Amino acid sequence: MLSVEILKGDFFRRKTTAVAQELLGKFLVRKTKMQELACMITEVEAYDGFADKASHAHRGKTMRNEVMFGPPGYWYIYLVYGMHQMLNIVTGEEGYPAAILIRAVEGMSGPGRVTKLLAIDHSLNKKPAERASGLWIEDRGVVIPKHAIEKTPRIGVAYAGPEWSQKPYRFVLKVKRGN
DNA sequence: GGAGTGATGACA
DNA sequence: GTCATCACTCCA
């Protein structure tokens with residue numbers, strides 16, 4: 001069996017777009033009272049820095065987004081449209097507001113469905129991505145070739161204007177892995 | 001194509 | 001305090 005490695009803070013303490021691409025093929029693991037569920041990450045989006053108009057951090061630090069300004073490797077979870085939880089992992093150095101939205105995992109498309117399936121809610125906000133918090137990311141040795149990563153503009157951020165909404169900060173795994 | 005939903009941030 | 005907005009999903 002291949003070694004399984006839990007991703008730590010150092011993995012996330014790098015350029016946001018680089019981390020985003022490498023998250024494809026990693027496994028999101030959710031442990032609840034009932035079960036442990038692991039799903040391969042297939043789609044992410046990067047939100048990178050103060051200048052990114054599509055990022056919550058663009059208007060400065062607030063109570064909601066303060067975790068994006070904190071150290072990497074923490075979850076940023078919030079409610080949008082009154083009913084959907086979004087799951088993000090904080091990246092970059094402490095003080096630099098950046099995060100990666102996990103939009104989809106294997107067998108599940110749409111960010112709101114990921115959190116629903118994995119029973120992720122606001123109580124995990126600001127928690128570190130490690131085994132103890134019940135939600136973490138593992139490297140299970142799946143290697144994603146570069147040509148299998150598709151870069152596209154982000155979704156639902158038209159309000160950020162053409163410059164930022166068209167940036168290729170969305171990364172999609174387009175080829176299913178062969179078993 | 002359009003409604004639902006409620007926390008959040010801007011403004012007063 | 002009020003009001004508009006929103007990193008979405010569902011149903012028609």
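As a basis for the values below, the full set of heavy atoms in this structure was taken, side chains included, without hydrogen atoms, waters or symmetry mates. Letters A, B, ... mirror the listed sequences (proteins, then strands); counts begin at 1. Worth saying up front: this structure is predicted, and the values here are computed from it rather than measured.
Looking only at distances, no side-chain donor or acceptor of A/Asp52 sits under 3.5 Å from a matching main-chain atom of A/Gly49. Counting only distance, with no hydrogens or angles, the side chain of A/Lys61 and the backbone of A/Ala57 share no donor-acceptor pair below 3.5 Å. Side-chain atoms of A/Thr16 never come within 3.5 Å of backbone atoms of A/Asp48 as a donor-acceptor pair (strictly under, hydrogens ignored).
Rounded to an integer number of Å, the gap from A/Lys61 NZ to B/dG9 P is 13 Å.
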Nucleotide by nucleotide, nucleotides 6-12 of chain C touches protein heavy atoms under 4.0 Å in the pattern (B base, S sugar-phosphate only, - none) BBBSS--
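Connectivity analysis of hydrophobic side chains (ILVMFWY, heavy atoms under 4.5 Å, direct or indirect) links A/Phe69 to A/Tyr47, A/Phe50, A/Val67, A/Met68, A/Tyr74, A/Tyr76, A/Tyr78, A/Val80, A/Tyr81, A/Met86, A/Val90, A/Leu101, A/Val157, A/Tyr159.
Pairs of Watson-Crick or G-U wobble type, with distances under 3.5 Å, assemble into runs of 3 or more in DNA chain C at these ranges: B:1-4 with C:8-11, B:6-11 with C:1-6.
Remark: A/Arg154 is not positioned above the aromatic ring of A/Tyr169, lacking an NZ or CZ atom under 6.0 angstrom from the ring centre and at most 45 degrees off the axis. For A/Arg14 and A/Phe11, the positive end sits near the middle of the six-membered ring, less than 6.0 Å away and at most 45° from its axis.
Using a 3.5 Å distance cut-off with no hydrogens or angles, the side chains of A/Trp164 and A/Gln166 do not pair a donor with an acceptor.
In this structure, A/Lys151 and A/Arg170 have side chains that are not in contact, with every pair of non-hydrogen atoms separated by 4.5 Å or more.
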